[in-house]
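Atoms within each ligand, like the ligands themselves, are counted from 1 in listed order. What's counted below: heavy atoms across the whole structure, side chains too, no hydrogens, waters or symmetry copies.
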Amino acid sequence: MRTVFLPSFLNPPCGDPGLWIDLLDEGRSVLLDLGDLRHVANRKLLRVERVVVTHTHMDHFVGFDHLLRLMLGRDREIVVTGPGGFLDRVRGEIEAYTWNLIADYPIRVRAEEIEGDTVRSALYTGSSRMQPEPLPERPFTGVIHGERLYTLHVAVLDHGIPVLAVALRETEHLSVNSDRLEKMRLVPGAWLRDLKHAVRRCEPDDLEIRATTDDGGERLFRLGELAAEIILRAPGQRIAYVTDIRFGPANVEKVVALARGVDLLVCEAAFLHQDRALAEERFHLTARQAGEIARAAGARRLAPFHLSPRYQGREKEILDEAADAFGGPVLQLQGRAPS
Ligand SMILES: [Zn+2]
């Protein structure tokens, strides 16, 4: 199945946490956690439209200033979501700088925090010289973003402090029946992407679509008839991202609910189980616990990450332990954002 979400890690397994998710053919990306971003190309960071910061321990938030600086010249809004207390953290970061010369800059940063059943937001713009403008509160329903392509779900977990776990769900997976395409003597191209967009937007059936034919020409179709011929619909792709949680029934229950049946669970595996006393003391999971949670959630694949630096060079032991407990395929995602 052609996937819409293309996930990769920002750093090697023992480095700062961060998951980069490109949205196929969309020219936009979602970023989960803001560890060290200095090695990521600016042109890639400029594609980011949404960020979730699970919590503001330094290894998850140190990249905020770097991203902020890049956003100064971008006119598309970026939304950054965190747990309770996040608005104060963001304000502290922004107030550390002087903003008298940026009135003409297009920057728009919307920061939001989830506290109890409420989402509070503040908008920062160049024209307001980065003074926070409070936006209306809205109820927290578990979904913080919904659109034609995907929804973004969040649960609040316990890491000694509140921490967010995240799930991305593709609304519906659309693929192309290539046999039909060939029989109709059509060839793939940008028109197929436009066709899928039109289907997702529920455009009228009589909308005209220009398809490319195998002799290099064009053929005109109505959206309804063409979609019925060549578009296949399937349940969407799902990814969950869980890091920095203590092992306990309340957390496990919430992760299982958030990540039930996901295609990929990206989950911290900070310690080996033999070091579980350390994991407990620091409110982290062991690799075995990560594997057990993935199995309980019925995840199809598990990508363990955020290993304690003490295991540098011993990453395979962590992966093996997680794989044993999970009983399913364990992945090592690429250690750098894709170009
Ligand atoms: Zn932490």
2.8 Å cut-off met by an N, O or S atom of H60 to the Zn ion (ligand 1): no
Shortest-distance N/O/S atom, H57 versus the Zn ion (ligand 1): ND1
Parallel, tilted or perpendicular, as decided by the 30° and 60° cut-offs, for the rings of H55 and H60: tilted
The Zn ion (ligand 1) contact by H284, N, O or S atom under 2.8 Å: no
Heavy atoms from other residues, nucleotides or ligands near OH of Y105 exceed 12 (cutoff 6.0 Å): no
Check: R233/H173 side-chain N/O donor and acceptor closer than 3.5 Å: no
Positive for ring-ring contact (aromatic ring centres under 6.0 Å, His included) with F9, one of F305, W20, Y241: F305
Heteroatom of H55 nearest to the Zn ion (ligand 1) (N, O or S, atom name): NE2
Test item: side-chain donor near acceptor, E112 and T81, under 3.5 Å: yes
Presence of N, O or S from D244 under 2.8 Å of the Zn ion (ligand 1): yes
